[in-house]
There are 2 protein chains.
Amino acid sequence: MKKSDKITWSGCPVRYAAGVFGDKWCFVLLRDILLHGKRYYGEFAASEEGISTNILADRLSRLEGDDMLTRHVDPNKRSKVFYLPTRKARALLPAFLGMMVWSTEFDEKTAAPASFAKAFREDPKAAIDWYEAEIDRVNAGLEHSS
Amino acid sequence: MKKSDKITWSGCPVRYAAGVFGDKWCFVLLRDILLHGKRYYGEFAASEEGISTNILADRLSRLEGDDMLTRHVDPNKRSKVFYLPTRKARALLPAFLGMMVWSTEFDEKTAAPASFAKAFREDPKAAIDWYEAEIDRVNAGLEHSS
DNA sequence: ATTTTCACTTGCAATTTGAAAGCGCCCAAT
DNA sequence: ATTGGGCGCTTTCAAATTGCAAGTGAAAAT
């Protein structure tokens, strides 16, 4: 029985969000996909945080099961696999960027430039659109695939 | 050694956020404080999700250590304890409400009314201000205390 | 004085995590 | 045709975390 099977919580939006990505590694994976343009299993495995492969595989399949990612075998090199964010995952961008703004304000060691928070606060929609376009750009080379 | 001691991750805003509240129970506690007006230990312990008291105590002290909450003995009844959200915790409201909007869109079993998401999307600032005012109102009766 | 309330703490079994090794598939080179 | 890597997981097992239940000690109520 997987952890997610036990979470039968339903109704409360915060519980729902916690069930889907209220977990250190899901957080990091979604960041890599939504903000860092990563798509391949190997790219996730190589992340700075050093996720171990058993956890990585578990979280990827959980996110797939939650309709956040779709799994694809690379048609050009069928031993490689990539994951694309669904519309549902992409819709998290505003909340994710909101968290980033929060971190840049309260983490004294933040690596994010102040200009990011400023830009987001002045025109959130423009900032979101910029990241959306990035996601499209990264996906473009992949989404003709099975 | 506590879990938070090991997370020496610094720099990345998403990692920072994950370190502070990227955990099911921290999520739920912050929801109770920011959105449900809960302040007392006993109120958290009685939450629908059934957090066990050892975990509750651990998360409360972690959040206190992360400067999200301050702990206070109730001066009117010194065997009771309450926790107040700091400015840092309150600053999470926009991101939290953003997550709620996301959940109401993608959780088919959501209990949140569609009107909430609609209101937030039409005027995020007004929605945030409404919750801020609620927090002030709940705090008002408590914050003269030690 | 005694019991009850309340905020934790402790003990312990069960679950989850994480580092490392293993496995099977695909592809490239020989 | 065979071999050797690269790659995406899966397995193993010890260590860390969780969660239930019971316990503790201070403060209130009786």
Side-chain angles (χ1 to χ4, degrees), chain A residues 1-9 15 18-19 21-29 32-33 38-65 69-84 142 145-146, chain B residues 1-9 15 18-19 21-29 32-33 38-65 69-84 142 145-146:
Chain A
M1 184 196 246
K2 287 191 303 179
K3 185 198 243 176
S4 56
D5 294 337
K6 282 197 303 190
I7 298 177
T8 53
W9 291 352
R15 280 191 313 222
F21 62 90
D23 164 275
K24 191 170 75 180
W25 293 117
C26 289
F27 247 72
V28 165
L29 287 175
D32 284 346
I33 288 204
K38 296 188 185 176
R39 296 293 181 273
Y40 282 89
Y41 180 96
E43 294 179 297
F44 304 132
S47 84
E48 184 191 350
E49 287 84 7
I51 187 170
S52 38
T53 57
N54 54 343
I55 304 294
L56 174 57
D58 176 69
R59 293 303 189 280
L60 286 172
S61 75
R62 243 191 247 186
L63 287 169
E64 199 189 351
L69 306 177
T70 52
R71 194 187 108 105
H72 307 266
V73 175
D74 187 334
N76 298 321
K77 184 163 175 143
R78 288 155 42 80
S79 61
K80 294 185 79 182
V81 166
F82 60 88
Y83 292 81
L84 296 181
L142 298 168
S145 319
S146 69
Chain B
M1 184 196 246
K2 286 191 303 179
K3 185 199 244 175
S4 55
D5 293 337
K6 281 196 303 189
I7 299 175
T8 52
W9 290 351
R15 280 191 314 223
F21 62 90
D23 164 276
K24 191 170 76 179
W25 293 119
C26 289
F27 246 72
V28 165
L29 287 175
D32 284 346
I33 289 204
K38 295 189 186 177
R39 294 293 181 273
Y40 283 90
Y41 180 96
E43 295 180 298
F44 303 132
S47 84
E48 186 192 348
E49 287 85 5
I51 188 171
S52 40
T53 59
N54 54 343
I55 304 295
L56 174 56
D58 177 69
R59 295 301 189 279
L60 286 172
S61 75
R62 243 190 248 186
L63 287 170
E64 200 191 348
L69 306 177
T70 52
R71 182 186 183 277
H72 306 266
V73 174
D74 187 334
N76 298 322
K77 183 163 177 162
R78 291 157 36 83
S79 60
K80 294 184 79 182
V81 166
F82 60 87
Y83 293 81
L84 296 181
L142 298 168
S145 318
S146 70

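Lettering follows sequence order; numbering is per chain, from 1.
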Can you check the [X] [atom1] to [N] [atom2] distance for me, whole Å?
{"X": "K24(B)", "N": "dT15(C)", "atom1": "NZ", "atom2": "P", "value": "14 Å"}
{"X": "K80(B)", "N": "dG25(D)", "atom1": "NZ", "atom2": "C1'", "value": "19 Å"}
{"X": "R71(A)", "N": "dC7(D)", "atom1": "CZ", "atom2": "C1'", "value": "12 Å"}
{"X": "D58(B)", "N": "dC20(D)", "atom1": "CG", "atom2": "P", "value": "15 Å"}
{"X": "I55(A)", "N": "dA15(D)", "atom1": "CD1", "atom2": "C1'", "value": "13 Å"}
{"X": "E64(A)", "N": "dG8(D)", "atom1": "CD", "atom2": "P", "value": "15 Å"}
{"X": "R62(A)", "N": "dT16(C)", "atom1": "CZ", "atom2": "P", "value": "8 Å"}
{"X": "Y40(A)", "N": "dG8(D)", "atom1": "OH", "atom2": "C1'", "value": "13 Å"}

Please tell me if the side chains of D74(A) and Y40(A) come closer than 4.5 Å, counting only heavy atoms from C-beta onward. yes
Contact check, side chains of L60(A) and R71(A), non-hydrogen atoms, under 4.5 Å: no
Taking for each residue the nucleotide of DNA chain C bearing the nearest heavy atom, is the 5' side occupied by V81(B) or by K77(A)? V81(B)
Of I51(A) and R78(A), whose nearest nucleotide on DNA chain C comes first from the 5' end? I51(A)
Base, sugar-phosphate, or nothing: which does Y83(B) touch, judged by heavy atoms less than 4.0 Å apart? sugar-phosphate
Does any N or O donor sit under 3.5 Å from an N or O acceptor when you compare the side chain of S52(B) with the base of dT18(D)? no
Which is more 5' along DNA chain D, the nucleotide nearest S79(A) or the one nearest N54(A)? Just name the residue. S79(A)
Can you tell which of [options] lies closest to the side chain of [X]?
{"X": "R59(A)", "options": "dT17(C), dG8(D), dC6(C)", "answer": "dT17(C)"}
{"X": "T53(A)", "options": "dT17(C), dA20(C), dC8(C)", "answer": "dA20(C)"}
{"X": "Y41(B)", "options": "dC8(C), dT18(D), dC7(D)", "answer": "dC8(C)"}

Checking R39(A) side chain against I33(A) main chain: does a donor-acceptor pair fall under 3.5 Å? yes
Under-4.0 Å salt bridge between K24(A) and E49(A): no
Under the criterion salt bridge (charged side-chain N to carboxylate O under 4.0 Å, His left out), I'd like the reasoning laid out for D32(B) against K38(B): C-alpha separation, chi angles, the key distance, then a yes or no. CA-CA 5 Å; D32(B) 284 346; K38(B) 295 189 186 177; 3.7 Å; yes
For a quick test of reading the model: is some side-chain N or O of W25(B) closer than 4.0 Å to OP1 or OP2 of dT18(D)? no
